[in-house]
Every structure is written in structure tokens, then in C-alpha cells.
Amino acid sequence: MSAATTRSRARRAPALDSLCAEAVDLAREAAEEAAAPGVVGAYVEAVAEGDRVVTHLFECSEPGYRGWRWAVTVARASRARNVTLDEAVLLPGPDALLAPEWVPWSERLRPGDMGPGDLLPTEADDLRLEPGYSGEDEPPPNSAVSEEMTDRADAEDAEFVSRTPSRGAIAAVADELGMRRARVLSRYGLHAAADRWEEAFGAKTPMAQAAPASCVSCGFLTAIGGSLGQAFGVCANEFSPADGRVVSLDYGCGGHSEAAVMPKPPRPAEPVLDSMAADVFPLHPTPAAGSVPTVPDPASEDLGHS
């Protein structure tokens with residue numbers, strides 16, 4: 001037998017078994033037993049699943065399952081004339097009404113979806129965060145970002161614009177110190193801004209009241225300069241409702257970088273009965289028990305020799 005003949009036989013569709021194809025009544029009884037009363041509709045067709053294995057399809061008239069069909073599979077053994085039931089399930093047809101494909105929550109989540117009391121877990125290898133207390137994975141010299149973020153920026157064709165002024169110029173030094181402006185905020189202006197920011201993203205907002213922790217301990221908080229930096233910062237979490245906003249250090253939301261803790265794996269409870277130890281029972285009752293007459297010691301008995 002050639003290889004081409006073998007492959008053609010392997011691809012050959014199974015033949016429809018006549019005995020299994022005639023078992024329509026058996027398939028309908030199985031479908032009506034599995035379904036609710038009156039929802040098994042007209043007979044559709046018989047499909048050969050394999051040698052002596054046939055699936056009978058019936059329409060489903062139950063509301064909400066448009067295009068679905070009851071599929072009942074029957075089979076018989078080799079050289080046997082008795083057809084037996086395999087399974088009965090409800091399957092979607094070619095034009096069935098189906099729910100949209102499930103999408104993981106990490107891909108469904110959009111900025112602004114978080115509400116009071118919600119928690120957003122942060123992955124351990126989140127590229128938006130880096131250790132702030134150790135020297136691991138330090139950025140290369142004269143680099144604005146880490147190596148991992150540089151690779152990601154190259155893949156996304158992003159550019160990092162350097163705003164470092166030229167050295168040696170008085171205007172450049174003034175720009176760094178913030179002294180090249182004609183007017184700056186007065187004390188009244190600072191207090192007015194602080195009141196507005198505290199009212200929008202402060203400790204008394206519903207989001208902060210339901211938050212597991214405050215922004216002062218969140219890795220997504222970006223510090224700001226000046227005197228207002230002692231009480232405020234900028235949120236850099238894209239899924240937070242305060243993303244890109246000035247927030248109070250007492251503000252908080254469910255997107256806190258350290259709020260969500262992965263639960264520990266469950267441990268089985270200790271057994272109620274200790275089946276590993278052995279209980280010791282005496283083979284002979286003790287004389288002090290009193291319920292059984294005392295058995296004389298065979299070693300102390302007279303053997304009866306003269």
C-alpha cells in the first residue's frame with residue numbers, strides 16, 4: 001500500500017451507519033429527557049462522527065437560544081445491532097446567537113473604569129514601576145530611562161525629548177531654579193490652589209474613603225517641586241480616575257501599587273481523627289478489672305511430677 005493511499009484513507013470521511021441513523025426516536029427521547037418540556041423542535045439532520053457513531057440534531061425552540069440545536073450522539077459496537085446512547089448536549093448552530101468572546105479583565109479595563117472600593121492589582125514586573133530602595137537594574141549612565149523602558153520605547157517608536165538647558169549660561173541656571181519668571185504665585189494663590197486640589201482629589205472624597213491606602217505610599221505618585229510638594233503630587237496611574245491630576249498625599253484609590261496582595265494557596269485543615277497513630281490494646285485483661293477471673297501464671301503452677 002502506497003503512502004498516498006494511506007493518506008487518502010486517513011482523510012476519508014466516516015460513512016453514515018444505517019442502524020445508528022435510524023435511531024431518531026431514541027435520540028429524541030434522550031433530548032426531551034435532558035431538555036425542558038416542549039423545547040425540542042423539529043429534526044434537522046444526522047452527522048457521522050466516526051465508524052458506527054452518529055449525531056442526531058434537533059432544533060431548540062427555547063427563547064434566548066436562537067439557532068441552537070440539541071445534539072444527541074448514538075453508537076453501536078462492532079457486529080452489534082443494538083444502538084446505545086452516548087450523550088445529549090445543547091450546541092450552537094451555524095447561525096446561533098452567541099455571547100461575545102470573553103476578554104481578560106486586563107484587556108477590558110480602560111482609564112476611568114475604577115470606582116470607589118475597587119482594587120486594581122499591579123504585576124510584579126510592571127514596566128511603569130521600578131525599585132526605589134535598591135540599586136538593582138540601575139539605568140545606564142546619562143540615560144533618562146532604564147534599559148527595559150528604552151527597549152520598549154524603541155519597539156513603540158517613541159522618542160524621549162531632552163529638556164536640559166545648555167550649561168554655563170545664567171538663563172539656563174535660572175530656568176533650572178525657576179527664577180526666570182516675572183511673577184510667581186503668592187501665598188494666597190498657593191492656598192487657593194491647595195483648596196481646589198484638596199476638594200477634587202483629597203482625603204474626604206468617596207474614592208479616598210474607600211481606598212485601601214493613601215497616595216503617599218503609592219509607587220505611581222510623582223513628586224512635585226515647591227512648597228505644595230509637601231502635601232500634593234501627581235498621579236501617574238493610567239487606570240486611576242486621577243491620572244495626570246494633582247492629588248493630595250492623603251488621597252487614595254483602588255489602583256494603589258501595593259494594595260492588592262495575592263492570596264496564599266489554601267491549606268487543608270488538620271484531620272479531626274488521627275489515623276496515623278496506632279492504639280494499643282491489651283491482649284489479656286488486668287486482674288484489677290474484676291470482670292474476668294484471675295488466670296494463674298503457668299510458670300508458677302505445679303507440673304504434677306513426683
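Rounding to the nearest 0.5 Å gives a distance of 11.5 Å between CG of Asp51 and CG of Leu16. To the nearest 0.5 angstrom, Ser227 atom OG is 4.5 Å from Leu190 atom CG. Phe220 CZ to Cys235 SG: the interatomic distance, rounded to the nearest 0.5 Å, is 8.0 Å. With rounding to the nearest 0.5 angstrom, the CD atom of Glu49 is 3.5 Å from the OG1 atom of Thr55. To the nearest 0.5 Å, the span separating CD on Glu45 from CZ on Arg69 amounts to 6.0 Å. With values rounded to the nearest 0.5 angstrom, Leu221 atom CG is found 9.5 Å from Ser257 atom OG.
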Q: List the steps and the verdict of side-chain contact (heavy atoms from CB on, under 4.5 Å) for His256 and Ser217.
A: CA-CA 8 Å; His256 195 282; Ser217 59; 3.0 Å; yes

(Q) One pair to check against side-chain contact (heavy atoms from CB on, under 4.5 Å): Tyr251 and Met207. What are the steps and the verdict? (A) CA-CA 8 Å; Tyr251 181 73; Met207 181 68 74; 3.3 Å; yes

Q: Quick one: do Trp70 and Leu57 satisfy side-chain contact (heavy atoms from CB on, under 4.5 Å)? Show the steps, please.
A: CA-CA 6 Å; Trp70 283 100; Leu57 301 175; over 6 Å; no

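By the 30° and 60° cut-offs, the orientation of the rings of Phe58 relative to His56 is tilted.
Side-chain contact check for Asp243 versus Asn237: every heavy-atom pair is 4.5 Å or farther apart. Residues Asp113 and Phe239 fail the side-chain proximity criterion, which asks for heavy atoms closer than 4.5 Å. Considering only heavy atoms from C-beta on, Asp250 stays 4.5 Å or farther from Cys215 through its side chain.
Remark: the backbone N or O of Leu85 is not paired with any side-chain donor or acceptor of Thr73 at under 3.5 angstrom. Of the possible polar contacts, one joining the Thr84 side chain to the Ala75 backbone as a donor-acceptor pair under 3.5 Å is found. In this structure a side-chain-to-backbone donor-acceptor pair under 3.5 Å is present from Asp118 to Gly115.
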